[in-house]
Amino acid sequence: VEMSIDFEVREHVATITINRPDRLNALDAEHYAALSEAWVRVRDDHDIRCAMVTGAGDRSFCSGADLKSWIGREVAAADHWLTQKDPLLNRGLEVWKPVIAAVNGYCLGGGMTLLLATDIRIAATHATFNLAEVKRGVIAGNGGTQRMMSQVPYAIAMEILLTGDTFDTTMAERWGLVNKVV
């Protein structure tokens, strides 16, 4: 299995790169597990003072779950109750260090949920965003709905969650979802 969640530490800053540009940096179960290991390392390594998360290439930050790898996947019913297994920044893991998102391209679904769990967000001008789970008949998991409701005005959050429409950096910046567009 070719897999890569790249992890580098330089001058007390950890850089986590979702390195799967051929799949628009989508996450299958193995990538989610590797990303969990990276976040635990950020949390536990006293030499790391700050972290940055980004996606490889300039087409995508993270397009969320790799749906092809999840559809039809057999999961034991008991596993749904293992809420602390493979904790993520956006699902159960508390990281008391600043986390910066560098968004380059698509920030969709689970990628948007990851973005919502970061502290400072810098987006390239060509970045696009959505929580389009509603268009597939599912809801945004891992805290996406709750974080969206607490981070933007109610009517904006409801529009994002109920339409699943894609929006650009102009709207993301206007709504306060990103700090800067570069």
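When a residue number appears, it is its place in the shown sequence, counting from 1.
- For residues 48-58, no residue pair satisfies the salt bridge (Lys or Arg N to Asp or Glu O under 4.0 Å) rule, not counting sequence neighbours.
- Of the possible polar contacts, one joining the Arg121 side chain to the Leu177 backbone as a donor-acceptor pair under 3.5 Å is found.
- Between Lys97 and Asp119, no side-chain nitrogen of the basic residue sits less than 4.0 Å from a carboxylate oxygen of the acidic one, so the salt-bridge criterion is not met.
- Pairing each heavy atom of Ala123 with each of Phe129, the nearest pair is CB-CZ, 4.0 Å.
- Side chain of Arg59 to main chain of Gly105: no donor-acceptor pair is present (N/O by atom type, distance under 3.5 Å, no hydrogens or angles).
- A 4.5 Å side-chain heavy-atom check between Arg20 and His31 finds at least one atom pair inside the cut-off.
- Checking Thr17 against Asn19 by side-chain atom types alone, no donor-acceptor pair falls below 3.5 Å.
- With hydrogens and angles ignored, the 3.5 Å screen pairs a side-chain donor or acceptor of Asn25 with a backbone N or O of Ser60.
- Atom OG of Ser36 and atom CD1 of Ile5 lie 10.5 Å apart (nearest 0.5 Å).
- Residues His12 and Asp47 have side chains in contact (heavy-atom distance under 4.5 Å, counting atoms from C-beta outward).
- The minimum heavy-atom distance between Gln151 and Leu116, with the atom names listed, is NE2-O, 2.7 Å.
- A donor-acceptor contact shorter than 3.5 Å is absent between the side chain of Glu8 and the backbone of Ala14.
- By the 4.5 Å heavy-atom criterion applied to side chains, Thr169 and Val178 are not counted as neighbours.
- Asp28 places no side-chain N or O within 3.5 Å of a backbone atom of Ala65 that could act as its donor or acceptor partner.
- Between Val95 and Val40 there is no side-chain heavy-atom pair separated by less than 4.5 Å.
- Remark: side-chain polar atoms of Thr163 are paired, donor with acceptor, to backbone N or O of Asp165 under 3.5 angstrom.
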